[in-house]
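Okay, structure first, notes after.
Note that the structure is a prediction, hence the values are computed from the model and not measured.
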Amino acid sequence: MGGIDVTAALYAFLFYLATLLLVVGTGMKIRRYAKAPAPLKIPTMPAPRTQKGVYFRMFREVVLFESLFKSNKWIWLFGYLFHIGMLVVLLRHIRYFTFDVWWWVEIIQPFGVYASFAMIIGLAGLLVRRIVVNRIRYISSPSDYLMLVLLMGIAGSGMMMKFVTHTDIIMVKGFFLGLMRFQINALPASPILLVHLGSVALLMIIFPISKLLHGPGVFFSPTRNQIDNSREKRHIAPWAKKLEE
Amino acid sequence: MAAYDVNGTSVEHDEEGYITNLGDWTKELADVIAAAEEVDMTDEHWAVVNFLRDYYEEYQIAPAVRVLIKSIKKSMGPEVGNNKYMYELFPYGPAKQACKIAGLPKPTGCV
Amino acid sequence: MAKLDMNAEGGPKFMADPFTIPDIKCGAMEDLESYMAHPKHNTDLGFPGELIDNWQEVAIAKIGELAEKNRAFQVYLDSCVKCGACTDKCHYFLGTGDPKNMPVARQDLLRSVYRRYYTFAGKYFPQLVGARDLTREVLDEWYNYYHQCSQCRRCSVFCPYGIDTAEISMAAREIMDTVGLGQKYCNEIIAKAATVGNNLGLNPKALRATLEDLEEDLEDETGISVRIPLDEKGADVLLITPSADFFAEPHIDGLLGYAKVFHEAGVSWTVSSYASEAANFGMFIGSYENMRTLSLRIRQAAQDLGVKRIVFGECGHAWRVAYSFLNTLAGPFDFLDQNYPIPQHIMEFTHDMIQKDQLKFDKSKNDHIRLTYHDSCNVARGAGMGGYEGGQFDLPREVLKACCNNYFDMERDTIKESTFCCGGGGGLLTDELMDLRVKGSSPRMTALKDVTEEHGVTHMAAICAICKTQFSKVMPKFGYEMDSILSVHQLVSNALILTGQETEEDAAPEGAAAATEVTQ
């Protein structure tokens with residue numbers, strides 16, 4: 001190889017920065033959410049009357065998108081395809097970060113390929129709806145389209161490398177394993193790979209400053225995570241308690 | 001603030017047509033408000049207005065519709081003293097429209 | 001009766017079905033402005049009388065304060081992905097077609113300003129994320145459109161993150177109040193409730209006279225002395241009911257129903273002149289402090305009268321405040337009898353009596369009625385009943401079925417947790433918003449029309465003072481009689497046979513009531 005690989009250095013820096021911003025930025029947001037009290041009990045009724053019930057409600061919401069299913073079958077279908085596809089694809093990518101690939105990551109590998117189609121179909125469906133359905137077009141900002149384009153770019157470039165122009169994935173793995181040990185190893189000089197990785201880094205950077213915060217946000221939503229027990233148990237926020245003194 | 005014109009004197013009212021100073025009320029004013037509301041004042045209308053004013057004088061509030069109707073029923077008979085007829089007299093409701101003409105404040109709340 | 005008068009004023013405004021999505025009509029409702037509060041209405045509640053000079057600065061600071069004080073506010077402003085799931089869920093959008101009445105668009109009126117001043121993207125790339133400065137035009141837009149939300153929470157049922165537009169609309173109204181831009185209807189009423197004790201401004205003397213009058217009516221009807229006690233110390237139950245129950249139709253009939261049930265139960269009970277209001281409009285303007293002030297009157301009345309239990313009458317948002325917030329705002333209620341729910345709903349009380357077989361009904365008394373039930377939004381989505389999940393849907397229906405032979409539900413997606421608002425909730429029950437109220441009621445009225453056509457339904461019952469008033473005003477515009485809306489306890493009252501009450505079959509034609517009176 002010889003000399004300093006400028007591209008590798010640049011991407012190494014980019015990923016360290018992106019990881020830092022993602023972790024710190026999201027961590028700070030989560031801290032803010034956790035610190036802000038919910039002054040009143042506002043679960044959307046009927047709501048579970050036990051903590052266990054709330055866990056079950058959150059599970060259905062996060063894993064099955066229950067409310068979205070009740071609301072709109074098309075948005076549910078596309079949103080679900082995209083999210084579940086992305087999850088499998090992400091899990092599949094774990095192999096780039098572990099020296100010995102875990103057995104279950106091994107099993108996922110072939111499914112990850114199908115999942116990428118689910119992901120891209122879901123994203124395309126959401127984009128088409130955003131453009132075609134008047135009501136959704138009305139509420140869309142440029143960032144809403146760009147976010148979908150970015151995700152499609154990530155998925156598309158990844159699929160290109162799988163199905164069209166193969167890249168040296170052993171070398172990619174070397175690069176990321178190196179990053180985890182604070183070494184800068186070479187990256188294949190594949191434009192598609194650079195687009196793929198650059199887009200991923202961008203997504204990580206904007207995560208804590210964009211609507212992607214819905215990910216952590218849903219866990220802090222009082223209408224979903226509160227127990228219906230206000231008559232039995234007094235709920236009071238610290239700032240409200242001060243009014244009583 | 002808008003106002004009613006009663007023979008050259010102006011009487012202030014709020015954005016909904018209720019007079020702001022209850023002491024300003026006169027029978028002439030009632031006719032002016034009624035005209036603005038497109039209500040032709042008959043004896044029956046006056047019976048309602050007079051009852052409202054008497055009740056208000058005693059209780060500082062308009063009576064419940066039921067109380068009003070009961071009283072009108074006693075004084076003018078069941079043909080006049082019923083809910084339906086009250087709405088014929090005052091299409092926007094005996095409570096709100098009749099109160100306006102009688103110079104009473106608007107009943108507030110979920111009514 | 002079941003036949004609709006299709007020649008009603010302006011013609012009925014039914015939709016093809018309750019979920020018909022209208023074409024977008026930008027600006028359709030932008031000029032509809034609720035009357036603004038007079039300076040006194042605002043200052044009475046501790047707000048500036050008029051729009052303050054540095055309103056922009058104060059409003060922006062208030063947004064930041066609310067984000068720290070209220071988790072829901074911050075999480076909901078951050079989390080929306082604009083998926084569009086809520087866009088066809090608001091009855092005001094369905095009725096008006098104005099896109100700013102879509103829940104997400106309504107939230108965005110405020111979210112766009114929050115982003116501009118409180119997020120990185122909005123500070124540096126406002127156009128990209130739809131962030132905008134807080135200008136006078138934006139403030140006016142807030143005023144108009146946040147007073148076109150009835151805070152019914154239907155959208156929150158369907159949002160994948162549970163974003164509740166009611167929370168945003170309450171916060172927006174609080175911000176506006178903070179800078180001196182209040183709404184007349186709500187603020188005038190809150191001040192009245194906080195000084196006189198009820199929204200109507202009904203003083204103790206007038207209240208006493210009204211209740212005595214109603215006692216007379218009850219005795220005329222049943223031949224039995226059924227009391228409606230006022231300010232009776234040492235009573236077991238304090239009844240907190242909307243003041244509309246002392247004033248309006250069909251609300252009063254509900255009150256007579258409660259009185260009969262209490263009479264039959266043999267409990268001692270009382271109304272309080274100090275806390276003669278269940279409604280708490282502090283919720284509508286998002287003001288914790290005002291909501292607390294009004295709630296503390298109830299606590300005070302309960303302590304002063306030495307009651308053991310608090311029972312709430314038929315009032316939708318009041319039941320939300322009572323069930324979900326009262327313990328927070330005015331608790332702990334350790335001085336009350338812990339063997340009963342605190343507070344209890346009159347429906348729970350009556351239901352309990354029916355379960356124990358302690359009420360005798362002649363259901364045929366309601367045979368002239370073919371009935372359906374409107375789930376009031378705040379009861380359905382903001383509160384519970386009966387101590388189990390979904391009890392708020394079952395109890396009223398079970399009570400109605402116990403006293404009516406002909407009961408039919410409306411379409412499933414328009415009732416229970418998916419119920420459509422009556423169109424007049426959340427501080428919008430004011431005459432200048434009548435156009436919005438009529439349009440907003442059309443999904444509900446369309447669902448009603450469907451059961452009228454299918455089952456010959458003639459009447460609809462509700463347990464909310466706002467719903468009752470709203471429907472009595474808008475139903476005539478859809479070809480129904482104004483008295484097609486009923487109180488649930490009115491139906492209870494119709495069918496309930498009091499112990500010792502002579503029924504028509506065993507009473508001699510005339511003078512029987514008088515005779516009974518003499519013998520007692």
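With respect to chain C, the highest number of heavy-atom pairs below 4.5 Å among A:Ile236, A:Leu243, A:Leu146 belongs to A:Leu243. Ranked by heavy-atom pairs under 4.5 Å with chain A, the first of C:Pro343, C:Gly130, C:Ser418, C:Cys26 is C:Pro343. Most heavy-atom pairs under 4.5 Å with chain C, from the set A:Asp144, A:Asn229, A:Asn134, A:Asn225: that is A:Asp144. Interface check for chain C: of the options A:Ala34, A:Gly53, A:Ser143, A:Gly79, the most heavy-atom pairs under 4.5 Å are formed by A:Ser143. Taking C:Ala383, C:Gly122, C:Ala105, C:Cys86 one by one and counting their heavy-atom pairs under 4.5 Å with chain A, the maximum is reached by C:Ala383. Heavy-atom pairs under 4.5 Å with chain C were tallied for A:Pro46, A:Pro48, A:Gly215; the largest tally goes to A:Pro46. The candidate with the highest count of non-hydrogen atom pairs below 4.5 Å against chain A, out of C:Ala121, C:Pro341, C:Ala67, C:Ala322, is C:Pro341. Contacts with chain C were tallied for A:Pro43, A:Ala38, A:Ser140; A:Pro43 has the most, counting heavy-atom pairs under 4.5 Å. Chain A forms more heavy-atom pairs under 4.5 Å with one residue of C:Val81, C:Thr87, C:Ile342 than with any other, namely C:Val81. No other option in C:Ile24, C:Val379, C:Asp164, C:Leu326 has as many heavy-atom pairs under 4.5 Å with chain A as C:Ile24. Highest contact tally toward chain A, considering only C:Glu68, C:Lys69, C:Glu289, is held by C:Lys69 [criterion: heavy-atom pairs under 4.5 Å]. Considering only heavy-atom pairs separated by less than 4.5 Å from chain C, the leading option among A:Arg49, A:Lys241, A:Arg129, A:Met147 is A:Arg49.
With a threshold of 4.5 angstrom between heavy atoms, C:Phe333 does not approach chain A through any atom at all. If you measure heavy-atom distances from C:Tyr323 to chain A, the contacts under 4.5 Å come from both the backbone and the side chain. Within the 4.5 angstrom heavy-atom criterion, only side-chain atoms of A:Arg130, from C-beta onward, approach chain C. Proximity to chain A (any heavy atom under 4.5 Å) is shown, for C:Glu389, by both the backbone and the side chain. With a 4.5 angstrom heavy-atom cutoff, C:Gln338 does not touch chain A via any of its atoms. Proximity to chain A is absent for every atom of C:Phe125, based on heavy atoms less than 4.5 angstrom apart. Heavy-atom distances place no part of C:Met283 under 4.5 Å from chain A, backbone and side chain included. Proximity to chain A is absent for every atom of C:Asp23, based on heavy atoms less than 4.5 angstrom apart. Looking at A:Ala47, only its backbone comes within 4.5 Å of chain C, counting heavy atoms on both sides. Neither the backbone nor the side chain of C:Lys416 comes within contact range of chain A; no heavy atoms are under 4.5 Å apart. Proximity to chain A (any heavy atom under 4.5 Å) is shown, for C:Leu296, by neither the backbone nor the side chain. For chain A, the nearby part of C:Ala380 is the backbone; its heavy atoms alone come within less than 4.5 Å. With a 4.5 Å cut-off on non-hydrogen atoms, C:Ala166 does not touch chain A at all.
Judged purely by atom type and a 3.5 angstrom limit, A:Arg231 has no side-chain atom pairing as donor or acceptor with the backbone of C:Ser324. A side-chain donor-acceptor contact under 3.5 Å links A:Arg234 to the backbone of C:Asn327. Between the side chain of A:Ser221 and the backbone N or O of C:Tyr161 there is at least one donor-acceptor pair closer than 3.5 Å. C:Ser156 places no side-chain N or O within donor-acceptor distance of the main-chain N or O of A:Thr44, the cut-off being under 3.5 Å. With A:Thr223 contributing its side chain and C:Gly162 its backbone, the two residues share a donor-acceptor pair below 3.5 Å.
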Problem set entry | A:Glu244/C:Arg299 under salt bridge (charged side-chain N to carboxylate O under 4.0 Å, His left out): CA gap, chis, key distance, verdict | CA-CA 14 Å; A:Glu244 293 175 6; C:Arg299 182 189 176 89; over 6 Å; no

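By the 6.0 Å contact criterion, CZ on A:Phe111 is open, its count of non-hydrogen atoms from other residues, nucleotides or ligands being 12 or less. The number of heavy-atom neighbours closer than 6.0 Å to OH of A:Tyr16, taken from other residues, nucleotides and ligands shown, is above 12. For CZ of C:Arg412, the number of neighbouring non-hydrogen atoms (other residues, nucleotides, ligands) closer than 6.0 Å is greater than 12. Under a cut-off of 6.0 angstrom, the local environment of CD in C:Gln127 is sparse, with at most 12 non-hydrogen atoms contributed by other residues, nucleotides or ligands. The number of heavy-atom neighbours closer than 6.0 Å to NZ of C:Lys25, taken from other residues, nucleotides and ligands shown, is above 12. With a 6.0 Å radius and a threshold of 12 heavy atoms from other residues, nucleotides or ligands, A:Tyr145 has its OH atom above the threshold. Within a 6.0 Å radius of CZ in C:Phe335, other residues, nucleotides and ligands contribute more than 12 heavy atoms. Remark: A:Phe97 CZ is packed, more than 12 non-hydrogen atoms of other residues, nucleotides or ligands lying under 6.0 Å away.
Of the inter-residue distances, the one linking A:Ile42 atom CD1 with C:Met170 atom CE reads 8.5 Å to the nearest 0.5 angstrom. Taking OG1 of C:Thr119 as the reference point, atom NZ of A:Lys211 lies at 14.0 Å (rounded to 0.5 Å). For the atom pair OG (A:Ser210) and CZ (C:Arg115), the distance works out to 8.5 Å, reported to the nearest 0.5 Å. The CD1 atom of A:Ile136 sits 7.5 Å away from atom SG of C:Cys83, with the distance rounded to the nearest 0.5 Å.
Between C:Leu128 and A:Pro142 there is a side-chain heavy-atom pair separated by less than 4.5 Å. In this structure, C:Pro160 and A:Phe65 have side chains that are not in contact, with every pair of non-hydrogen atoms separated by 4.5 Å or more. Annotation: side chain of A:Met45 is not in contact with side chain of C:Glu417 (no heavy-atom distance under 4.5 Å). Put simply, the side chain of A:Ser230 does not reach to within 4.5 Å of the side chain of C:Phe325, judged on heavy atoms.
Identified by a heavy-atom distance below 4.5 Å to chain C, the contributing residues of residues 69-76 of chain A are A:Lys70, A:Ser71, A:Ile75, in residue-number order. Using a 4.5 Å cut-off between non-hydrogen atoms, the part of residues 70-79 of chain C that approaches chain A consists of C:Asn70, C:Arg71, C:Ala72, C:Gln74, C:Val75, C:Tyr76, C:Asp78, C:Ser79.
No donor-acceptor contact under 3.5 angstrom links the side chains of C:Tyr388 and A:Asp228, judged on distance only.
For residues 59-68 of chain A, the set of pairs meeting the side-chain hydrogen bond (donor to acceptor under 3.5 Å, both in side chains) definition, not counting sequence neighbours, comprises A:Arg60-A:Glu66, A:Glu61-A:Ser67, A:Glu61-A:Arg224, A:Ser67-A:Arg224. Listed by first and then second residue, the salt bridge (charged side-chain N to carboxylate O under 4.0 Å, His left out) pairs that reach into residues 97-107 of chain C are C:Lys100-C:Glu141, sequence neighbours excluded.
For the pair C:Asp108 and A:Ile139, the tightest heavy-atom approach, listed with the atom from each and the gap, is OD2-O, 4.2 Å.
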